[in-house]
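Reviewing the structure listed below.
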Amino acid sequence: QDMVDASLRLKWLTQAQFAGFYVALEKGYYKDEGINLTINPGGPNLLTENLVATGADTFGLSGGTDSVFAARDKGLPVVCIGVAHQVTPFVFVSHKDGPVQSVADFKGRTATTWFTGANHVLSAMLSKVGVSPSDVDIQPQQVSVTPFVDKQVDVVTATRHNELYVINERVGKDNLNLFVPEDSGVSFPRDTLIVSETTAAEKPELVEKFLRASVKGWREAFANESEAIDIIMKISPTLDRAQQEFMLREVRTLMTAGKGSTDGLFAIDKAAVGSANDLLAEYGVISKPVELDAAFNASFIESIPLEERRL
Amino acid sequence: MPGTVPEQDAADERPLIELRQISKTFGAVKALQDLEVSIRPGELVTVVGPSGCGKSTLFNILAGLEEPDPGNILRLKGVSSTASDLLGKVSFMPQRDLLLPWRNVIDNAILALEVEGMPRAEARRLAMDMLPEFGLAGFEAQYPNQLSGGMRQRVALMRTFLFKRDLMLLDEPFGALDALTRTMMQRWLLDVWQKHKRTVLFITHDVDEAIFLGDRVLVMTARPGRIKLEQAVDLPRPRKADIVTSPEFIALKKTLLEAIEEESMKSFQVAGR
Amino acid sequence: MPGTVPEQDAADERPLIELRQISKTFGAVKALQDLEVSIRPGELVTVVGPSGCGKSTLFNILAGLEEPDPGNILRLKGVSSTASDLLGKVSFMPQRDLLLPWRNVIDNAILALEVEGMPRAEARRLAMDMLPEFGLAGFEAQYPNQLSGGMRQRVALMRTFLFKRDLMLLDEPFGALDALTRTMMQRWLLDVWQKHKRTVLFITHDVDEAIFLGDRVLVMTARPGRIKLEQAVDLPRPRKADIVTSPEFIALKKTLLEAIEEESMKSFQVAGR
Amino acid sequence: MTASISSDSARQISRGIGGALLVAVVWELCARGLDLPAYVLPAISSILAGLANDAGSLLAAARFTATESLAGYAIGCLAGMAAAVLVTMVPSARSVVVPLATAINSVPVVAYSPLVLLWFGIGMASKVVMVAIAVSFTIFLSTIAGLDRVDRKSVDLLRSFGAGRLAVLWRLRLPTALPLIIAGMRVSTVRSVIVAIVTEMLGAYGGLGWVIYQAVLQVDFVKVWAAIIVASAISLAFFGAISFVERRYVFWR
Amino acid sequence: MSGAASVAGNLPVASTGRFGAVVKPIVWLVAAVVLVEAIVVVFGIRSYYLPRPSVIASTIMATPGAYLAGLWRTFLETVLGFVAGSLFGVVMAVVFHRWVLLREMFFPLFVVSQTIPVIAFGAVVVLWFGNTLLAKAVISFYISFLPVTVNTLLGFSAVDPRQVQLMRSFGADDAQILRRLYLPAALPQLFVALKLASSLALVGAIVGEWFGDTTGLGVLLLQAMYNENVAGIWATIVVSACLGMGLYGVVAFAERRIVFWGGEQ
Ligand SMILES: Nc1ncnc2c1ncn2[C@@H]1O[C@H](COP(=O)(O)OP(=O)(O)OP(=O)(O)O)[C@@H](O)[C@H]1O
Ligand SMILES: Nc1ncnc2c1ncn2[C@@H]1O[C@H](COP(=O)(O)OP(=O)(O)OP(=O)(O)O)[C@@H](O)[C@H]1O
Ligand SMILES: Cc1ncc(C[n+]2csc(CCO)c2C)c(N)n1
Ligand SMILES: [Mg+2]
Ligand SMILES: [Mg+2]
């Protein structure tokens, strides 16, 4: 059997957020499908869509629906073939003993967030409760959550699998209020699997094989968490094991939430995706709503039998 | 009158500076060894010796720039001192002009005055007045790289003269000057010396110059340098230019030349040739 | 025999180099004006003149380093040339030694040979053999900042001698040397000149030296420099040291000194004093 | 003299513009001729159009970044020179200060950014500090090298005039060091802008780095390039200003 | 003086001096570390502002292999980039020195090139050079050559024109004057730039590793930064400081050996 070379570009460095892919690689699932896969980590200012569009990488686990829409809007020929996190992976966090106890309390307070989509989610949440986003002091969020821990800001944005762990450690899980976008009717699925239009059109079977192996890897990772963490820790020994274990548990929640629970891993929830599309168009991030069916192609993931995709 | 020097000193004529057992070693090179000399106040002493024998090294020590090897004795006005005590106490003209390339003629000349704290404008005025005497009139605003070799030397000389100290060390100050400029500078030096009663040590290669100027001529040996001969010059002052043809002068010159040549020969491996 | 020079030239004795209407201006300073001179092959010509009159400037032009002002005529062996045509054709010793601080004595001496393409080892061997003659034996590995002024000058001289060219320009080569070392170097120079039939131009401040060495002495005027006097020296060769006391010598010296002094006076504003 | 300087700089500026135009034309031809997509290399014309489009916000960002770089640059230059002078005046401080400074500088400035952001916040202060750190080392190194470069014989001469360390420093060491100090200052101009930008990328309220960071994530490469052109213009102006100062004050070579 | 010291480099006096020069900073360093430890403990500084040195040390010792591997990889990238950047910097200085037209046309563009923040162009770097060691070396090259060019040009311009004239009078051509006069004369200035470039090359390598790499100090740094692992940040800072000081030390050592003649003109 001829092996095909391919690469997967992640959105960030090696960590449990991507455990399934590493497990599949380690266990030889890609090899079994005839793919000689290289996993390339991501980094700040490294746009996965860009690398996939130019052909530098075959597959990409990119930022999320937001980055896919932005890329499509700018004419990058990428297609999403699966969505990992079925619900918004980040939450807004305030101190339990602080002034912010509800989304309405954000008014007149300081909130920090990432100006790459999360800010629009925040704006939408605020609008839903009748607070004008301009009444909240929304500031760019830096790498550290210390300003929040030190109560210099009232609300901080945290990914469930990453920042939340740090905040829990430093403030205490029980001293925090979490504001979940879905509770306000806003959804922003992230961690999208993408390929270029060329690959989608010319090598559909490669895409399918890749998906099959990846899904298998993820199921294995969730079935055998400590082994999955071992694999990650071997690659990045300086990571904190407890944090990685936390991350894998949270990622599991995110990947199996919503449509993920019924339609399996990497299912594409057109409704959730569509609402993100409208949100971004409304806030002018993209010039006009992107044509959904061209940007999101569920046919590859759906070609895998449902029982193979469900946990 | 200085110059007519008794060899054994009067009690009140304590040496201005007295050196005993001065040696100086650079790595493997012994530049000076057990040099002994004393200079009385107001004397004009000239120093001759073969090239590389340690004359400049001696001056560096007297200017306080170089410590001699341990075990030396150095007395300034009878007070035992280290070389560094002499810093700022002698006006020193080094063999290479060492003009600062970013200062023009006038500002190079006033360098020492500035260091002393004299206001620039005043120092410049003083120096401007001296320019014609040094044949540098009109060149005050030139930079060193625009000067001829002799002009550079004259600027360095001016800088030294402007720094008024009891002891003046001049290392081949007239080396790059033509005969007349040199004569004028010599006359000028004698003027300054007599008027201001400065003590002068003067290195030269020119035996005529050494005799013409000096109260005493020190002849140094080849490296390692020592004083080979201290020759008093008992010619009356003021000396005229034609003194060089007098029999006393010629006799002195002969003595000195013999002493120097004997030493210079040692510097060369002339055996085989 | 070179040295016994007929003033009017034989047809076959074309000048090696001929300058006409050479002027050189630096900004507001006129260094040379309408200088005319021609040098026959094999001649040893000495140049004297007041400090700052343009001697070094003349040499820079002859070495091809400085273009004279437009309108000049410069002929090399009868062929009209620009100054830059002379680059690499004359061996030139500048007034300041210009030793490279990162090269030791021997490597500074062989610089020109290296440029010519001689292998280093060979060049070093050549130079090593010459060290004793220059009184530098044992100093081959020293760096310039470890040398005395006279030693530096001798290294520069060696460098020039090792670069063998028909025309040799020496700018005060013996300025920093003591009497004997100077005498030895003079003797050495005459040896080289007679053996190798090189043409030599030699700047000096020392009129004795100018007469002792030269077939002709050129006296330059004060700035702007021109040739004031071309004095043939009809003394027989080889010349002994005691020639300086001969009446012919003294007569020549008198003529020359008068010419130089007249020019030197112009450099000074001596009116007020 | 002044006339020749200004005609010199007129020629230099026109040639500089010529060089820039040449590159711009080649760039435009490449981008258009090879039909490169904007995410690989946008054509220079579309960058300029984007520049005009976003002129207002880019200008505001430029002012932000320029302020940070200038403030950091000034502090860095002073600190670097002061440390170098200190080390020259108090030789025993040398074996402590030099390795320490080397160690601090050996760490890429970006590594400090999380700490500096933590200590000085996300505002301008942290950028100023980062720029100052980066600049001060360059200046420190250049200044020490310059101060050490003096001819020992000239130092001796000044000492023989009774000059103390301070006088030697002022009249000899500093003028000797000036060419190297200014060369260091020239190199630092560029570095100060880039460090401000890079730090902004890691967290800021505004500035060109912030614009670039946002634009990358929004896949707006025309905007990225437009911001970079503005950054280059700032650096070049800055560099040119220091070169001008250099030509004024280091004339003797 | 400096010449004498280096000529006599094998004398016991000089080697004691060098030994002292190595030991003294180490003693100071140890003292500083102890002091910091004491300050953190006494003033109760929270660990995410400043962890205790002992905590940093134990962080490194927990996974020494990871730090060593990162160190080695970053070292390779840095050395490659540094050597290439220095050579290119000198070559460009020579070119710019020789052809004034080229300098006036393109030197400003060199300056401009340095204002491009490479980290904004990670994708382009990956596109052109892939995820290879070469890609990091290229970045490290890119950000280290300008100081070398600037300082070498400065060194060239400081050459005494009379010295050039002397070489010309020997018939030396441009190449010989360059080799025997300009290059040696520029060495003191060049070394100042090389010391700077050694640090910059390291910065380049570390930033280069942010473009999707798996090993290297940059990766460790990034990971620690975004996981708010302050001890990890410090651990990486310490390791890269050691690497940087090592590189600097090598350059400084070479400088002492090569540029022995000091300031004498
Ligand atoms: N810094 C130094 N390092 C090593 N050797 C030195 C140093 N300075 C001087 N010397 C050596 O000391 C000896 C005496 O040098 P000095 O300069 O005193 O001679 P000098 O009598 O002034 O000669 P000249 O008449 O040629 O100027 C020389 O052999 C020289 O090589
Ligand atoms: N590069 C220059 N720029 C401006 N003026 C210069 C330059 N070089 C020489 N001069 C001037 O030209 C004149 C002649 O200088 P030159 O060096 O030829 O004199 P010289 O005869 O060699 O004197 P000396 O015997 O003192 O060495 C001097 O007045 C000098 O100031
Ligand atoms: C939309 C969004 N923007 C920025 C960040 C910040 N960030 C960029 S990479 C990284 C590490 C994640 O594992 C983090 C925290 C984010 N998380 N989500
Ligand atoms: Mg001497
Ligand atoms: Mg001259």
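In what follows, every chain begins at residue 1, and chains take the letters A, B, ... in the order their sequences are listed.
- Among C:Leu113, C:Leu65, C:Leu169, C:Val90, the residue with the largest count of heavy-atom pairs under 4.5 Å with chain E is C:Leu65.
- In this structure, C:Val115 and E:Gly171 approach most closely via the heavy-atom pair CG1-C, 4.0 Å.
- Proximity to chain E (any heavy atom under 4.5 Å) is shown, for C:Asn104, by neither the backbone nor the side chain.
- Summarising the local packing, CZ of C:Arg226 is surrounded by 12 or fewer heavy atoms from other residues, nucleotides or ligands at distances under 6.0 Å.
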key: side-chain contact (heavy atoms from CB on, under 4.5 Å) between E:Leu181 and C:Trp102, intermediate numbers included   = CA-CA 10 Å; E:Leu181 181 58; C:Trp102 55 87; 3.9 Å; yes

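- Proximity to chain E (any heavy atom under 4.5 Å) is shown, for C:Gln142, by neither the backbone nor the side chain.
- Neither the backbone nor the side chain of E:Ile258 comes within less than 4.5 Å of any heavy atom in chain C.
- With a 4.5 Å cut-off on non-hydrogen atoms, E:Gln176 touches chain C through its side chain but not through its backbone.
- Looking only at side-chain heavy atoms (C-beta outward), E:Phe170 and C:Arg159 come within less than 4.5 Å of each other.
- For C:Phe163, the part lying near chain E is the side chain, with the backbone staying farther off; criterion is any non-hydrogen pair under 4.5 Å.
- Distance CD/E:Gln165 to CG/C:Leu87: 9.5 Å, rounded to 0.5 Å.
- Counting heavy-atom pairs closer than 4.5 Å to chain C, the top residue among E:Ala172, E:Ser169, E:Ala185 is E:Ser169.
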- Check the pair C:Leu111, E:Met167 against side-chain contact (heavy atoms from CB on, under 4.5 Å), reporting the backbone distance first and the verdict last. CA-CA 9 Å; C:Leu111 182 62; E:Met167 295 289 288; 3.5 Å; yes

